[in-house]
Amino acid sequence: MDHGENNITVVDENGNEQLCEVLFTFDSEEFGKSYVLYYPLGAEEDEEEEIEIHASSFTPTEDGQDGELMPIETDEEWDMIEEMLETFLAEQDEEQ
């Protein structure tokens, strides 16, 4: 997964691959990690349900490649991610 790439493949705990679209990525100096917010491709086609947005952290490797997705570990990280998502969505609403 590269910063700026639109799609990533996520492997769940059962080994199933799912193609997801990246909503946005950001870095947190506070936690020393990079984060990605994404949702399964095709989810936007179902207008009846809200799209479930997923979040993971990742640490870029020294050669500039992005590392593997890791679960969010603390409530503080979740709070920060929710705040970033709310800001992102508010900016999207203003653009439309």
Side-chain angles (χ1 to χ4, degrees):
M1 194 202 81
D2 293 326
H3 281 289
E5 224 178 69
N6 289 332
N7 297 326
I8 58 173
T9 300
V10 177
V11 180
D12 68 16
E13 60 275 357
N14 299 322
N16 300 316
E17 291 186 359
Q18 182 168 32
L19 189 60
C20 295
E21 184 162 338
V22 173
L23 192 58
F24 68 97
T25 62
F26 66 95
D27 299 317
S28 169
E29 290 183 16
E30 178 182 356
F31 295 103
K33 297 179 185 176
S34 297
Y35 297 89
V36 58
L37 280 78
Y38 55 94
Y39 59 91
L41 271 179
E44 69 275 4
E45 295 169 10
D46 187 359
E47 299 291 330
E48 300 297 314
E49 298 179 30
E50 283 191 28
I51 296 172
E52 185 177 353
I53 297 173
H54 303 274
S56 296
S57 66
F58 65 96
T59 305
T61 58
E62 289 181 16
D63 62 2
Q65 297 296 313
D66 291 329
E68 96 181 56
L69 297 178
M70 302 298 291
I72 307 304
E73 298 172 343
T74 66
D75 288 341
E76 290 81 8
E77 285 179 283
W78 277 117
D79 291 344
M80 182 259 317
I81 289 167
E82 287 176 9
E83 191 173 303
M84 292 294 292
L85 177 59
E86 288 174 16
T87 300
F88 175 82
L89 294 175
E91 289 172 358
Q92 294 300 306
D93 284 345
E94 287 175 13
E95 291 177 10
Q96 294 181 7

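The nearest pair of heavy atoms linking Y38 to V22 is CB-CA, 4.1 Å. The two residues E17 and V11 make their nearest non-hydrogen contact at CG-CG2, 3.8 Å. Nearest approach of E52 to P40, heavy atoms of both residues: O-CD, 3.8 Å. Closest heavy-atom contact between A55 and I81: CB-CG2, 4.0 Å.
The CD atom of Q18 lies 6.5 Å from the NE2 atom of H54; values are rounded to the nearest 0.5 Å. With rounding to the nearest 0.5 angstrom, the CZ atom of F58 is 5.5 Å from the OG1 atom of T25. Rounding to the nearest 0.5 angstrom, the gap separating the CG atom in L85 from the CD1 atom in I53 is 5.0 Å. The OH atom of Y35 sits 4.0 Å away from the CE atom of M80 when rounded to the nearest 0.5 Å.
With sequence neighbours left out, T74 forms a side chain to side chain donor-acceptor pair (under 3.5 Å) with E77. Scanning for side chain to side chain donor-acceptor pair (under 3.5 Å) contacts around S57 gives an empty result, with sequence neighbours left out.
Within 6.0 Å of CG on D75 lie no more than 12 heavy atoms contributed by other residues, nucleotides or ligands.
A continuous path of ILVMFWY side-chain contacts below 4.5 Å connects W78 to L23, so both sit in one hydrophobic cluster. M70 and I8 fall into different hydrophobic clusters, where Ile, Leu, Val, Met, Phe, Trp and Tyr are joined by side-chain heavy atoms under 4.5 Å apart, directly or via other members.
Taking 4.5 Å as the limit, every side-chain heavy atom of E73 sits out of range of all side-chain heavy atoms of F31.
Applying the salt bridge (charged side-chain N to carboxylate O under 4.0 Å, His left out) test to residues at least two apart or on different chains, none of the pairs has a partner in residues 80-94.
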